Amino acid sequence: LSTRGYYNVGGVGAGNYWYDSTDTTSVDNGGTVHVATDGSRWKLIHNDVIDVAQFGACTNVDDIIYITAAITWALNSRGQAINGTHSRITLTMMQKCFVSHGITYDTLTNVDFYWPGGLEAVSWTGLSTDTILHIKNHHSTITLGIVECNGLCNGVTFQSYDHTINEGVIQHPTEWAGYQPAAQGGACTYNNVRFTQWQSNDAEFENKANFTAKGFWLAGADSCFNNCNFSWSRYPLYIDTTAVANSFNQCHWFQGSTTG
C-alpha cells in the first residue's frame, strides 16, 4: 500500500506500507504502525530511516505530540535486531516544525538526527528557562536547521559526549544558545554551526545552576569547533578553567550583529 501524503494527496509524510497478517496486537503509534478499522495492521517500510512527517508532524501548528511519538519510536527501536543485524535509526525532519514546549532526546547509541527543516517555538507553554531542544545523545550525528526560540525559551542543550553536530543555526534564545556540561560533555565535534543571540547570555557550554552573563560559556573538554560562527549582543566567549584541549578551526566571531 502506498500513500501520497499523511493528511492529503501531495502533502508531506507519504510512505509505503505492508500488511502484517500475523499481528493482531500491535498498538497504532501514528507512524510505523497503523491499525485499520477492520483491525488489520499496516506497517511502514522504512529501512531504519523515518521522517517525523510520517508520524503526522509538519502541520504548520504545534507538532510536539507527533515529534514526541517519532522520538519515542526511535528510542524504543534502536539497536533491535533487523534482518540479523542491529539497527541504527535515522530520524529526519525535512520540513519546518513548530513546538509549544521542549523536546528531549535521551539515549546512548544507535539514533542519529537529520533535521535540516528546523524548529520554531510557538504558543510556548513551558517555562522561559526551558530549552527548545535538549540533546542527551551519545555517539550520535545530529544535523540541525534553524532553531528559532523567538525569545520564548532557551536554545539547545548539548548534554552529551562524542557526538557530532552539523550545520545548525541556533538563534535568539532568552539566555543561551548551547550547553555542554563539564561532567558529561566532551570529545564532541561542531561543524558549520552558527550561534546567534540578542538577549542576555549567548551560549553556555557548561552545567551551572547560577551563572553570570559571560556570553558563550565553554567548560567541556576535548571538543572541536570547525567553521562555526558566533554572534552576540553583549558578552563574548568565556572559557572556564575546566575547558581544556578544545580547538577552534576557521571560526568567526561577531559582536553587535545577529548575522555572520
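This structure is a prediction, so every number in the text was calculated from the model and none was measured.
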Separation between [atom1] of [X] and [atom2] of [Y], rounded to the nearest 0.5 Å:
X: F113; Y: I142; atom1: CZ; atom2: CD1; result: 6.5 Å
X: Y190; Y: N226; atom1: OH; atom2: CG; result: 12.0 Å
X: N16; Y: N47; atom1: CG; atom2: CG; result: 12.0 Å

Query raised in the report: So, D28 and R41, do they make that salt bridge, N to O below 4.0 Å?
Result: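 Salt bridge absent between D28 and R41.
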
Any side-chain heavy-atom pair from [X] and [Y] closer than 4.5 angstrom?
X: M94; Y: P116; value: yes
X: I67; Y: C97; value: yes
X: I45; Y: Y17; value: no
X: T125; Y: S123; value: no
X: H101; Y: I64; value: yes
X: F55; Y: I50; value: yes
X: T22; Y: D20; value: yes
X: Y6; Y: V12; value: no

Shortest non-hydrogen separation from [X] to [Y] and the atoms involved:
X: L133; Y: W115; value: CD1-CZ3, 4.3 Å
X: G126; Y: W124; value: O-CD1, 3.1 Å
X: C58; Y: V52; value: SG-CG2, 4.4 Å
X: V33; Y: S26; value: CG1-CB, 4.1 Å

Check for a donor-acceptor pair, side chain of [X] on one end and backbone N or O of [Y] on the other, with a separation under 3.5 Å.
X: D23; Y: T25; answer: yes
X: Q54; Y: A14; answer: yes
X: T3; Y: G15; answer: yes
X: N29; Y: T32; answer: yes
X: D63; Y: V99; answer: no

**Report entry** Sole residue of T143, D51, D112 in side-chain hydrogen bond (donor to acceptor under 3.5 Å, both in side chains) with T92
**Finding:**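 Exactly one pass, corresponding to D51.
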
Check whether [X] and [Y] end up in the same hydrophobic cluster, where Ile, Leu, Val, Met, Phe, Trp and Tyr are linked by side-chain heavy atoms less than 4.5 Å apart.
X: W73; Y: I65; value: yes
X: V147; Y: I71; value: yes
X: I146; Y: V122; value: no

Report task. Determine the interplanar angle of the F248 and F225 rings, folded into 0 to 90°, and report it as parallel if under 30°, tilted if 30 to 60°, perpendicular if over 60°. Result ->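 F248 vs F225 ring planes: parallel.
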
**Report entry** Worked verdict on T141 versus Y114 for side chain to side chain contact (heavy atoms under 4.5 Å, CB included)
**Finding:** CA-CA 8 Å; T141 299; Y114 184 71; over 6 Å; no

